[in-house]
2 protein chains.
Amino acid sequence: MNSKAETIRNKIVSTADELFYRQGFNHTSFTDIAKAVGISRGNFYYHFKTKDDILAAVIENKKASIKQILTEWDETIPQAKDRLTQYINMIVDYQDHIVKYGCPIGTVCTELNKLKNINYNNATDMIMLFKDWITQQFILLGHDKEKAEHLSMHLLTCTQGISVIGQAFNDAAFIKREADTLKQWLESL
Amino acid sequence: MNSKAETIRNKIVSTADELFYRQGFNHTSFTDIAKAVGISRGNFYYHFKTKDDILAAVIENKKASIKQILTEWDETIPQAKDRLTQYINMIVDYQDHIVKYGCPIGTVCTELNKLKNINYNNATDMIMLFKDWITQQFILLGHDKEKAEHLSMHLLTCTQGISVIGQAFNDAAFIKREADTLKQWLESL
DNA sequence: GTCTATACGCAGATAGAC
DNA sequence: GTCTATCTGCGTATAGAC
């Protein structure tokens, strides 16, 4: 595969990612993606054999992005508590997208987990990456493993809930308010 | 419309409700619903003109069910705090469904809010019914209106988050644990 | 009222020209 | 590699027999 094909492939993946997030996986057609990328439907199949192949590539791409940002936070933010604050800040920074389309990870997982016929329940791996990383931060803060895992799940729960309600009510101020509450909770531990 | 047609219509609505919840609205076809109800696709159109008509009926039906259960709680549970506990208990009672398909209200709203082309953002009305009712309970507990509304949104946030993570990780024990935490929070107010 | 037959478009997917 | 043309199936929706 040459670099041009590589580029187009990457463009297909990032475009599909965006469209799956904004319209849902099921609701997004090859035509939608091809049009957005600027290639013909036929050309499409040179890069991916099936729609499921694209989805798999999208999920792998998202997982890689998540790993990258978590590594970046590990390397640039010295204190574990500050890293967790950064995690919470993410939903505030991203609020404009969240009020429109919800969480880019949570909503995709919710949809895919209902389509039991396809084997993309590994979409949950994306959440798992965050879960394990957050757990690690709580361990660094002195909690035992079980407690840290529970705190991690609780934090995930709150951010997902904020995304669902933030989208449903299209309310950015609410996201900001709940994020602040969450940071207070973090400080109180 | 005679009583038999009424019965079939109700059966279509309840079946569509179930399938929209379990498979998603977009992923559910007329064929799916007709098969589950036990009628032909053609007969289907005697009762509903379009798929959107069915969705509208499903949402109205869900709203009516929500109003009914909230009224029942108002009438049978004397204390506001106990009524809120009952609300939290609902996700525990319903955990077997939640781990498979998520929240029957939240997941449907999440999906429909992404389909901007159709005008079913009123799906959020279903959440609004809970929001207003919960707000009222907090007012009865002595909070001012703004504070009560914030507490209501917070409680909604937690139950939605629990549903998202509970489904993603297929973890009923987690739902029970977080529900208990939520009840403790309620007592601490 | 309920059925069968069918229209029509768009979905995913393939073949083969260039 | 990218295109156009095309296949096949399923989607929503309609017509008309019974």
Side-chain angles (χ1 to χ4, degrees), chain A residues 1-59 108 111-112 114-120 123, chain B residues 1-59 108 111-112 114-120 123:
Chain A
M1 187 184 292
N2 67 26
S3 73
K4 187 175 180 189
E6 187 81 34
T7 304
I8 289 194
R9 196 192 134 96
N10 289 342
K11 202 169 177 190
I12 290 173
V13 171
S14 63
T15 302
D17 185 5
E18 189 77 12
L19 290 175
F20 290 167
Y21 169 43
R22 283 157 56 163
Q23 309 181 340
F25 170 71
N26 226 280
H27 191 61
T28 302
S29 68
F30 277 37
T31 307
D32 291 336
I33 303 171
K35 201 178 286 176
V37 172
I39 60 172
S40 69
R41 266 176 311 167
N43 185 5
F44 213 97
Y45 289 85
Y46 172 77
H47 301 281
F48 293 97
K49 294 279 170 284
T50 69
K51 196 181 179 185
D52 284 0
D53 285 345
I54 302 171
L55 178 57
V58 165
I59 291 177
V108 172
E111 180 185 3
L112 295 178
K114 291 195 180 195
L115 309 176
K116 302 293 184 192
N117 50 322
I118 56 173
N119 58 343
Y120 291 108
Chain B
M1 185 184 292
N2 65 27
S3 71
K4 188 176 181 189
E6 187 81 34
T7 303
I8 289 191
R9 197 192 133 96
N10 289 342
K11 201 170 178 190
I12 289 173
V13 171
S14 62
T15 302
D17 185 6
E18 188 78 12
L19 290 175
F20 290 167
Y21 168 44
R22 283 156 57 160
Q23 308 182 338
F25 170 70
N26 226 280
H27 191 60
T28 301
S29 68
F30 277 38
T31 306
D32 291 335
I33 304 171
K35 201 178 288 176
V37 172
I39 59 172
S40 71
R41 265 176 313 168
N43 184 7
F44 211 97
Y45 288 85
Y46 171 77
H47 300 280
F48 292 97
K49 294 279 169 287
T50 69
K51 196 180 180 185
D52 285 0
D53 286 344
I54 302 172
L55 178 57
V58 164
I59 291 176
V108 171
E111 180 186 3
L112 294 177
K114 290 195 179 195
L115 309 177
K116 303 292 183 192
N117 49 324
I118 55 173
N119 58 345
Y120 292 109

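Fair warning: this is a prediction, and the values are worked out from it, not measured in the lab. Lettering follows sequence order; numbering is per chain, from 1.
Residue pairs meeting the side chain to side chain donor-acceptor pair (under 3.5 Å) criterion with at least one member in residues 33-44 of chain A, sequence neighbours excluded, do not occur.
A close approach under 4.0 Å does occur between a side-chain nitrogen or oxygen of A/Ser29 and OP1 or OP2 of C/dA11. Proximity of B/His27 to the phosphate of D/dG11: no side-chain N or O atom is located under 4.0 Å from OP1 or OP2.
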Please test B/Val37 against B/Phe44 for side-chain contact (heavy atoms from CB on, under 4.5 Å), starting from the C-alpha separation and ending with a verdict.
CA-CA 10 Å; B/Val37 172; B/Phe44 211 97; 5.5 Å; no
Before giving the answer on side-chain contact (heavy atoms from CB on, under 4.5 Å), spell out for B/Ile12 and B/Ile39 the whole-Å C-alpha distance, their side-chain angles and the decisive distance to 0.1 Å.
CA-CA 9 Å; B/Ile12 289 173; B/Ile39 59 172; 4.0 Å; yes
Test B/Phe25 against B/Val58 for side-chain contact (heavy atoms from CB on, under 4.5 Å), laying out the working first.
CA-CA 11 Å; B/Phe25 170 70; B/Val58 164; over 6 Å; no
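Of the residues in residues 34-44 of chain A, A/Ile39, A/Ser40, A/Gly42, A/Asn43 come within less than 4.0 Å of DNA chain D through at least one heavy atom, sorted by number.
The NZ atom of B/Lys114 sits 11.5 Å away from the CZ atom of A/Phe20 when rounded to the nearest 0.5 Å.
Checked by atom type and distance alone, the side chain of A/Thr15 never pairs as donor or acceptor with a backbone atom of A/Ala36 at under 3.5 Å. In this structure, B/Lys11 contributes its side chain and B/Gly38 its backbone to no donor-acceptor pair below 3.5 Å. The main-chain N or O of B/Thr7 is never found under 3.5 Å from a side-chain atom of B/Asn10 such that the two would form a donor-acceptor pair.
As a whole-Å value, the separation of B/Ile54 CD1 from D/dG11 P is 13 Å. Atom pair B/Ile12:CD1 and C/dT2:C1' shows a separation of 12 Å (rounding to whole Å applied). Going from atom CG of A/Leu55 over to atom P of C/dG12 covers 12 Å, rounded to whole Å. The nearest whole Å value for the distance from the CZ atom in A/Phe30 to the C1' atom in C/dT14 is 12 Å. The distance from atom OH of A/Tyr46 to atom P of C/dG16 is 19 Å, rounded to the nearest whole Å. As a whole-Å value, the separation of B/Ile33 CD1 from D/dT12 P is 8 Å. Taking atom CG of residue A/Leu19 and atom P of nucleotide C/dA11, one finds them 13 Å apart after rounding to whole Å. Spacing between atom CD of B/Gln23 and atom P of D/dG11 amounts to 11 Å, rounded to whole angstrom units.
Checked against C/dA11, C/dA13, D/dA13, the side chain of A/Thr31 finds its nearest nucleotide in C/dA11.
The terminal axes of the helix from C/dG1-D/dC18 to C/dC18-D/dG1, fitted over 5 pairs per end, subtend an angle of 10° to the nearest 10°.
Residue B/Tyr45 is classed as a base contact, given a heavy-atom separation below 4.0 Å to a base.
Among all heavy-atom pairs drawn from B/Leu112 and B/Leu55, the shortest one is CD2-CD2, 3.7 Å.
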